[in-house]
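Structure first, commentary second.
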Amino acid sequence: MEIPEELVRMLGTAERVAVLTGAGISAESGIPTFREAQTGLWAKYDPQELATPQAFQRNPRLVWEWYAWRRELVGGAEPNKGHIALAEMERKILQFTLITQNVDGLHQIAGSQNVLELHGNIRRTKCSREGVAVETWEESGEAPPRCPDCGSYLRPDVVWFGEGLPEEILLQANQVAQASHVFFSIGTSAVVYPAAALPMQARRNGAVIVEVNPVETPLTPDADFVLRAAAGEALPALVKRMMDEILDC
Ligand code: OAD
């Protein structure tokens, strides 16, 4: 696909690059996104029934089992060319930070080092009362299982609707966005805050905004560059142009 030369040149000199990813970058790994009409998770299930503290209070077993199903989906997924391209890009940029809304952990598996998980990680489990990560527990057949320390239900270590994001991580993400020279928004519908505010934070501080998405989003009008394609196509093409540029120097 066609990569704007101006963008390649900018990336050749940019010292600080920040990337925000959403479910779209994992779509090519077979993981459903949230809002797409046919395949989106929220098209089939009501998030209010499954991804809120109230839902967990009301029906802990249903919520635990839905996340167990999603964990299984994620467990069988491999990083795709988009994830891998971002891990390669990180190695070419002086200060590169990957901020993700995804909970699938695929960026780290693809080799990305500097990752901020805004919405947690479905592969991690925590005590619903103490909030501390729990790695092993007694499988009594009860669902959800109970915290070995206090006996409260265990829950996935992900952010639910109506819950705050991990404060320290959100603070870092804001700082990184404000300091970035180039800010990528990749595979996100850019409608869920506070993550969706990050590109505008970056723009207000002079960053060049790049959107990678097959379709328009509310961010599109404010993007300086739009790669209207799947991440698995656009990102490897972009990284290849960056490498060619380095070789041509
Ligand atoms: P969405 O499902 O809202 O949006 C996915 C975006 O990815 C859409 O804009 C698609 O057009 C785009 N997309 C689809 N396939 C793509 C591909 N191959 N390459 C690039 N883009 C592609 O998912 P998010 O924006 O991530 O929050 O949703 C944000 C948050 O809303 C999620 O983190 C989750 C959800 O509620 C929590 O769970 C707290």
Side-chain angles (χ1 to χ4, degrees), residues 1 19-56 63 66-67 69-71 73-74 77-86 98-107 110 115-124 155-167 169-170 173 184-200 210-223 225-239:
M1 79 168 277
V19 176
L20 172 66
T21 61
I25 196 163
S26 294
E28 292 161 90
S29 295
I31 297 178
T33 61
F34 289 92
R35 289 169 186 78
E36 285 180 290
Q38 298 321 315
T39 58
L41 282 174
W42 297 154
K44 285 198 285 236
Y45 300 98
D46 176 1
Q48 297 307 327
E49 289 305 304
L50 290 162
T52 64
Q54 295 75 12
F56 189 67
V63 173
W66 187 63
Y67 276 91
W69 169 72
R70 284 183 61 193
R71 204 176 1 254
L73 211 61
V74 161
E78 294 287 323
N80 64 61
K81 291 181 292 184
H83 294 108
I84 292 162
L86 286 179
L98 177 47
I99 305 160
T100 189
Q101 301 170 90
N102 299 342
V103 296
D104 57 35
L106 289 181
H107 284 303
V115 180
L116 297 176
E117 293 179 317
L118 287 181
H119 293 162
N121 187 318
I122 202 169
R123 298 170 193 262
R124 277 196 311 268
R155 58 165 281 184
D157 187 7
V158 299
V159 174
W160 281 334
F161 285 101
E163 286 188 317
L165 274 58
E167 273 172 38
I169 292 178
L170 184 57
F184 285 81
S185 178
I186 302 172
T188 180
S189 54
V191 293
V192 173
Y193 286 77
L198 291 170
M200 296 321 289
V210 187
E211 180 172 65
V212 180
N213 196 317
V215 305
E216 266 207 26
T217 74
L219 178 68
T220 304
D222 291 309
F225 296 97
V226 175
L227 304 184
R228 188 62 72 224
E233 181 197 347
L235 294 175
L238 175 58
V239 169

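Whatever order the structure lists them in is the order used to number ligands and atoms, beginning at 1. Atoms considered below: every heavy atom in the structure, side chains included; atoms not considered: hydrogens, waters and symmetry mates.
- Closest protein heavy atom to atom 26 (O) of ligand 1: Ala23 N, 2.7 Å.
- A donor-acceptor pair under 3.5 Å links the side-chain atoms of Arg71 to the main chain of Ile122, judged by distance alone.
- Between the CZ atom of Arg70 and the OH atom of Tyr45 there is a distance of 10.5 Å, given to the nearest 0.5 Å.
- When the options Ile25, Leu20, Val210 are evaluated for a side-chain contact (heavy atoms from CB on, under 4.5 Å) with Ile186, the one that passes is Ile25.
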Side chain to side chain donor-acceptor pair (under 3.5 Å) assessment of Glu211 paired with Thr217: CA-CA 9 Å; Glu211 180 172 65; Thr217 74; 2.4 Å; yes
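- In terms of protein heavy atoms, atom 29 (C) of ligand 1 is closest to Gln101 OE1, 3.3 Å.
- At a 4.0 Å cut-off, not a single heavy atom of Ile25 sits close enough to ligand 1 to count as contact.
- The heavy atom nearest to atom 13 (N) of ligand 1, considering only Gly82, Gly24, Ala51, is found in Gly24.
- With a 4.0 Å heavy-atom cut-off, ligand 1 is reached by the backbone of Thr188 and by its side chain too.
- Near Glu28, meaning under 4.0 Å from any of its heavy atoms, are these atoms of ligand 1: 17 (C), 18 (N), 19 (N).
- Here the protein heavy atom with the shortest distance to atom 38 (O) of ligand 1 is Val159 O, 4.0 Å.
- Between His83 and His107, the ring-plane angle classifies as perpendicular under the 30° and 60° cut-offs.
- One option in Leu235, Thr33, Ile186, Asn213 has a heavy atom closer to atom 8 (C) of ligand 1 than any other, and that option is Asn213.
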Salt bridge (charged side-chain N to carboxylate O under 4.0 Å, His left out) assessment of Arg155 paired with Glu163: CA-CA 14 Å; Arg155 58 165 281 184; Glu163 286 188 317; 2.8 Å; yes
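- A centroid separation of less than 6.0 Å is found between the aromatic rings of Trp42 and Phe161.
- Proximity to Gly22 (heavy-atom distance under 4.0 Å) selects the following atoms of ligand 1: 26 (O).
- Nearest protein neighbour of atom 36 (O) of ligand 1, counting heavy atoms only, is Phe161 CZ, 3.2 Å.
- Heavy atoms of Gly232 come nearer than 4.0 angstrom to ligand 1 in no pair at all.
- Residues Ala195 and Leu118 approach most closely at CB-CD1, 3.7 Å, considering heavy atoms.
- Each of the following atoms of ligand 1 lies closer than 4.0 Å to a heavy atom of Pro214: 13 (N), 16 (C), 20 (C), 21 (N), 22 (C).
- Those atoms of ligand 1 that come under 4.0 Å of a heavy atom in Gly187, given as number and element, are 5 (C), 6 (C), 7 (O), 20 (C), 21 (N).
- If you number the atoms of ligand 1 from 1 as listed, the ones under 4.0 Å from a heavy atom of Trp42 come out as 35 (C), 36 (O).
- Of the protein's non-hydrogen atoms, the one nearest atom 37 (C) of ligand 1 is His119 ND1, 3.8 Å.
- A distance-only check finds a donor-acceptor pair linking the side chain of Asn102 to the backbone of Gly22 [under 3.5 Å].
- Between Arg228 and Glu233 there is no salt bridge, since no side-chain nitrogen of the basic residue lies less than 4.0 Å from a carboxylate oxygen of the acidic one.
- Within ligand 1, the atoms closer than 4.0 Å to a non-hydrogen atom of Val215 are 11 (O), numbered from 1 in the order shown.
- With a 4.0 Å heavy-atom cut-off, ligand 1 is reached by the backbone of Arg35 and by its side chain too.
- Backbone and side-chain nitrogen or oxygen atoms of Val192 are examined, and none is located within less than 3.5 angstrom of a nitrogen or oxygen of ligand 1.
- Ranking protein heavy atoms by distance to atom 32 (C) of ligand 1, first place goes to Phe34 CE1, 3.6 Å.
- Residue Trp160 places no heavy atom under 4.0 Å from ligand 1.
- Counting heavy atoms from C-beta outward, Pro47 and Thr52 have side chains that stay 4.5 Å or more apart.
- A 6.0 Å sphere centred on CD of Glu78 holds no more than 12 heavy atoms belonging to other residues, nucleotides or ligands.
- Nearest to atom 19 (N) of ligand 1 among the protein's heavy atoms is Ala231 N, 2.9 Å.
- Heavy-atom minimum distance, Leu50 versus Tyr67: O-CE1, 3.6 Å.
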